Amino acid sequence: MVPLLSIKLLDWFNLNARILPWRQNPQPYRIWIAEIMLQQTRVDTVIPYFNRWMEEFPDIRSVAQADQVDVLRVWEGLGYYARARNLHQAAQIIQEKYHGELPKKPEELRSLPGIGEYSANAIASIAFNVDLPTLDGNISRVLARLIALEAPVQDKISRQTLLNFASTLLPIGHAGEFNQALMELGALVCLPHKPHCDQCPLIENCQSFTKGVQEKIPQKLSKKNLPHITATAGVIWQNHRVLIAQRPPKGLLGGLWEFPGGKLEDGETLEDCLLRELKEELDLPVEIDKKIAVYQHTYTHFRITLHAYCCHPLTHPIPKPKIQPAFYWVATSELSQFPMGKIDRQIAQSIFKESLC
DNA sequence: GACGCGTGGCC
DNA sequence: TGGCCAAGCGT
């Protein structure tokens with residue numbers, strides 16, 4: 001027996017579902033890639049990345065066989081780069097352990113790097129129509145409003161309550177549509193701010209609307225203020241080439257390339273900071289020429305003001321590529337081949353276009 | 001369980 | 001314009 005609420009939701013979804021690339025041709029591989037890209041990322045942002053990914057990597061084997069630099073290059077700009085590294089690793093595991101086919105069992109999906117509780121059930125239900133509920137930000141908000149859940153949805157007890165509720169609503173044989181319908185309703189109607197309750201197919205079932213508390217649910221957790229750091233980076237020139245370094249394989253912008261530099265310490269001038277960092281990282285004394293630009297950027301957990309300078313080496317021999325940390329001297333025309341975060345890409349663009357220094 | 005992890009868009 | 005996110009995962 002399918003609850004009336006679920007019937008209304010599925011009917012609404014049939015009429016209002018957006019046409020999206022991964023819905024046009026819902027192969028398990030495409031669903032998997034879409035789910036990973038959509039983690040913490042808007043649909044409009046994902047669409048061009050998804051399409052380009054499918055051109056570069058049409059199947060799991062092509063991902064597994066790719067070099068990490070090519071995977072990161074396609075991912076550049078999408079953020080949370082561990083997703084790309086995990087996708088790459090997962091593709092290789094699928095090749096070796098699952099004969100190149102995405103596994104269907106939720107627990108096997110869950111064991112792959114980058115696939116957690118949400119994604120395992122989302123992929124199993126959407127790609128393989130396994131009858132399982134799942135919780136993401138949208139679904140949690142929609143369900144919490146339906147039952148006027150006052151506790152934060154992140155709480156363990158809340159999550160269990162919402163998952164149990166979802167289970168009672170789940171239409172057997174249609175879990176994939178049901179989960180997508182809840183997410184779509186959350187994305188298009190049951191918005192975090194100013195939800196469009198007048199357009200909602202579930203308005204008669206919504207305890208929050210009845211009580212007029214839909215804007216207060218789900219309860220928001222207070223956020224901490226972001227610390228602010230100042231840093232420097234050097235564009236070091238030698239024979240019409242510049243030096244770029246690869247970041248450590250994990251952590252912030254892991255595996256991406258950057259112009260070397262680092263954080264400003266207490267009582268240090270910007271120039272002192274840059275000279276110290278280049279000495280520490282590269283054992284390279286330089287002359288600082290002129291400032292290129294100052295960049296402001298906000299990451300998830302801190303803000304940064306980065307001062308970029310043109311530099312020239314003072315000694316020979318100049319450093320040669322090593323293994324980890326790797327670094328290269330590259331022509332400005334080659335910079336686009338190396339995946340970079342936002343700030344370093346801006347620096348690379350400006351020195352390429354304007355031939356600075 | 002808390003924290004680290006990107007970016008672009010919104011008002 | 002700065003704060004607040006937006007289809008979470010790994011440690």
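Because the structure is a prediction, the values reported are computed rather than measured. Letters A, B, ... mirror the listed sequences (proteins, then strands); counts begin at 1.
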Euclidean distance, atom [atom1] of residue [X] to atom [atom2] of [N] [Å, nearest integer]:
X: Asp155(A); N: dA2(B); atom1: CG; atom2: P; answer: 9 Å
X: Gln296(A); N: dG3(C); atom1: CD; atom2: P; answer: 12 Å
X: Lys194(A); N: dC5(C); atom1: NZ; atom2: P; answer: 15 Å
X: Glu117(A); N: dG1(B); atom1: CD; atom2: P; answer: 12 Å

Any pair with a residue in [range] that passes salt bridge (Lys or Arg N to Asp or Glu O under 4.0 Å), sequence neighbours left out, goes on the list, sorted by first then second residue, please.
range: residues 97-121 of chain A; answer: Glu117(A)-Arg159(A)
range: residues 128-154 of chain A; answer: none
range: residues 229-245 of chain A; answer: Arg241(A)-Glu334(A)

Practice prompt. With DNA chain C as reference, determine whether Ala34(A) or Asn225(A) sits nearer its 5' end, using the nearest nucleotide of each.
Written response: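 So the residue in question is Asn225(A).
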Worksheet item: On DNA chain C, nearest-nucleotide positions of Asn86(A) versus Arg23(A): which is more 5'?
Response: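 Upstream on the strand: Arg23(A).
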Item to complete: Report, as a single string ordered 5' to 3', how protein heavy atoms within less than 4.0 Å touch nucleotides 4-11 of chain B: B base, S sugar-phosphate only, - not at all.
Response: SBBBB---
Discussion item. Suppose clustering is done on Ile, Leu, Val, Met, Phe, Trp and Tyr with side-chain heavy atoms closer than 4.5 Å. Which residues sit in the same group as Val213(A)?
Written reply: Ile217(A)
Worksheet item: Using atom P of each nucleotide, how far apart are dT11(C) and dG6(B) to the nearest Å?
Response: 14 Å
Worksheet item: If you measure from the C1' atom in dC5(B) to the same atom in dA6(C), how many Å do you get, rounded?
Response: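 Taking atom C1' in both dC5(B) and dA6(C), they lie 14 Å apart.
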Discussion item. Can you confirm whether the side chains of Glu55(A) and Asn51(A) place a donor and an acceptor under 3.5 Å from each other?
Written reply: no
Practice prompt. Could you tell me whether Glu204(A) atom CD has more than 12 heavy atoms of other residues or ligands within 6.0 Å of it?
Written response: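 No, because the 6.0 Å sphere around CD of Glu204(A) holds 12 heavy atoms or fewer from other groups.
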Item to complete: Taking ring pair (Phe, Tyr, Trp, His ring centres under 6.0 Å) as the test, write out the residues that go with Phe13(A), two or more places apart.
Response: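 Not a single residue meets the ring pair (Phe, Tyr, Trp, His ring centres under 6.0 Å) criterion with Phe13(A).
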Classify the nucleic acid contact of [X] as base, sugar-phosphate or nothing, counting any heavy atom under 4.0 Å across all strands shown.
X: Trp75(A); result: nothing
X: Arg345(A); result: nothing
X: Gln180(A); result: nothing

